[in-house]
Amino acid sequence: MATSADLTPSSVDLTGELEVLGRVTDSSNLAVVARVSTLPGGHVIYKPVRGERPLWDFPDGTLAGREVAAHVVSQLGGWDVVPPTVLRDGPLGPGSVQLWIGDPFHPVPDDVVVDLVPEGQAPDGWRAVFDGETPHGAAVTVVHSGADDVRSLSVLDAALNNSDRKGSHCLRDVDGRLWAIDHGVTFSPTPKLRTVLWGWAGEPLTDADLSRLARLRRALDDDAVRDRLLVLLPESDVDALAARVDRLVRRGVHPQPSPDWPAVPWPPL
């Protein structure tokens, strides 16, 4: 089982032979749990391109390429929150292969980053996002952790133009380190930010996150970095990424929800 101490990109080898164990049944696209021969004791999630459902609003590129590009951008800016992810061939054809954080058969019981609480009862240190009702009619509030690492993740999502940041896509490992997964619908050149992490909307960005954005923007001017991203994304997506980073730095605040599209993915958790 991978822990925070084990996880640097150079320490994770995802190039070995893939052994498929089973399908992730609640995934909207084909996703399977697998083992990699070069990763003893660990698991990966393998998302073959052939199992992707066509999306009218993501007509170009692949979801697998976006999964890998999100990891690349996370590393370039110093967020280091997306697990090691590569684009490679496998038993079901080319696709993304991402390190599974922890043990898929024994999840960490207290890794909740986003939660439902009785309406108006956000715990200390948590941020309320919106009120609603459960299918059974109970009044609830969607809340998320107010921790600094979650705040930084919300900035990364703004840079990625993440259109599907659900609560289940944020998790903590046994050491308490935050990780973010499921980035197949990111990088669109059209504004699509849809997230449950709206708790800082309109507030000034922290110096640490401004520094991460500046580091990412410098990296995007490097021809080798651009070429690497162009293997994974359409050119319009790469150009839009740079423009979003410029805009975030220029404005210096967390984005506000837009009235022009749904601001929260459904279901939010």
Side-chain angles (χ1 to χ4, degrees), residues 57-58 63 65-83 85 96 98 101 112-114 126-127 129-130 142-172 177-206 208-217 219-220 229 232-233 237-238 240-258 260-269:
D57 52 346
F58 285 86
L63 306 189
R66 292 182 169 92
E67 292 275 7
V68 180
H71 168 68
V72 172
V73 169
S74 172
Q75 297 301 116
L76 289 172
W79 281 276
D80 302 329
V81 72
V82 180
T85 315
S96 64
Q98 182 175 89
I101 300 300
V112 176
V113 176
V114 180
W126 286 59
R127 298 264 179 151
V129 183
F130 67 92
V142 175
V143 298
H144 64 69
S145 166
D148 289 344
D149 53 4
V150 180
R151 183 172 189 162
S152 289
L153 173 58
S154 75
V155 178
L156 174 61
D157 280 339
L160 297 177
N161 196 16
N162 192 345
S163 68
D164 194 35
R165 174 60 73 209
K166 295 183 173 75
S168 56
H169 300 169
C170 315
L171 60 147
R172 295 193 183 276
R177 178 174 174 177
L178 179 69
W179 296 96
I181 60 173
D182 281 346
H183 296 97
V185 284
T186 49
F187 293 104
S188 171
T190 303
K192 292 180 182 292
L193 184 59
R194 236 181 341 256
T195 176
V196 292
L197 303 181
W198 286 115
W200 297 277
E203 295 185 16
L205 296 172
T206 66
D209 282 318
L210 286 169
S211 177
R212 292 183 182 97
L213 290 168
R215 173 177 164 179
L216 171 59
R217 189 61 184 87
L220 294 175
L229 288 172
L232 304 168
L233 301 169
D237 289 20
V238 177
L241 168 63
R244 281 192 303 274
V245 174
D246 285 339
R247 187 163 55 250
L248 283 165
V249 172
R250 183 173 65 252
R251 293 178 177 175
V253 297
H254 288 264
Q256 299 268 18
S258 171
D260 298 329
W261 62 86
V264 177
W266 198 260
L269 301 184

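Just so you know, these numbers come straight off a predicted model, no measurement behind them. Atom set for the values below is all heavy atoms of this structure, side chains included, hydrogens, waters and symmetry mates excluded.
Residues satisfying the side chain to side chain donor-acceptor pair (under 3.5 Å) test with T85, not counting sequence neighbours, are Q98. The side chain to side chain contact (heavy atoms under 4.5 Å, CB included) search around P189 returns S236, D237, A240, not counting sequence neighbours. Listed by chain and residue number, S258 satisfy the side chain to side chain contact (heavy atoms under 4.5 Å, CB included) test with D260 (two or more places apart in sequence, or in another chain). S145 is linked by a side chain to side chain contact (heavy atoms under 4.5 Å, CB included) to V113, W126, A147, V150, R172, counting only residues two or more places apart in sequence or in another chain. Partners of S168 under the side chain to side chain donor-acceptor pair (under 3.5 Å) rule, at least two apart in sequence or in another chain, do not exist in this structure. Annotation: salt bridge (Lys or Arg N to Asp or Glu O under 4.0 Å) contacts of D164 (sequence neighbours excluded): K166. Residues meeting the side chain to side chain contact (heavy atoms under 4.5 Å, CB included) test with P268, sequence neighbours left out: F130, V142, V196, V264, W266.
A side-chain donor from one of S152 and R212 sits under 3.5 Å from a side-chain acceptor of the other.
When side chains are defined from C-beta on, L241 counts as touching F187, because their heavy atoms get closer than 4.5 Å. Counting heavy atoms from C-beta outward, H254 and V155 have side chains that approach closer than 4.5 Å. Two residues are said to be in side-chain contact when any heavy atoms from C-beta on lie closer than 4.5 Å; V129 and V114 fail this criterion. Residues K192 and F58 form a side-chain contact, since some pair of their non-hydrogen atoms from C-beta on lies under 4.5 Å apart. Using a 4.5 Å heavy-atom cutoff, the side chains of L248 and D209 are not in contact.
The list of salt bridge (charged side-chain N to carboxylate O under 4.0 Å, His left out) pairs with a residue in residues 241-250, not counting sequence neighbours, reads R217-D246. Residue pairs meeting the side chain to side chain donor-acceptor pair (under 3.5 Å) criterion with at least one member in residues 181-191, sequence neighbours excluded, are K47-D182, R165-H183, H169-D182.
Judged by distance alone, the side chain of W261 and the main-chain N or O of L193 form a donor-acceptor pair under 3.5 Å. Judged purely by atom type and a 3.5 angstrom limit, W198 has no side-chain atom pairing as donor or acceptor with the backbone of P255.
When the options L171, V81, D148 are evaluated for a side-chain contact (heavy atoms from CB on, under 4.5 Å) with L178, the one that passes is V81.
Across every non-hydrogen atom of H71 and P83, the tightest pair is ND1-O, 3.2 Å.
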#### Entry: Test log, rule side-chain contact (heavy atoms from CB on, under 4.5 Å), inputs L213 and L205
CA-CA 10 Å; L213 290 168; L205 296 172; 3.9 Å; yes
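W200 CH2 to T206 OG1: the interatomic distance, rounded to the nearest 0.5 Å, is 10.5 Å.
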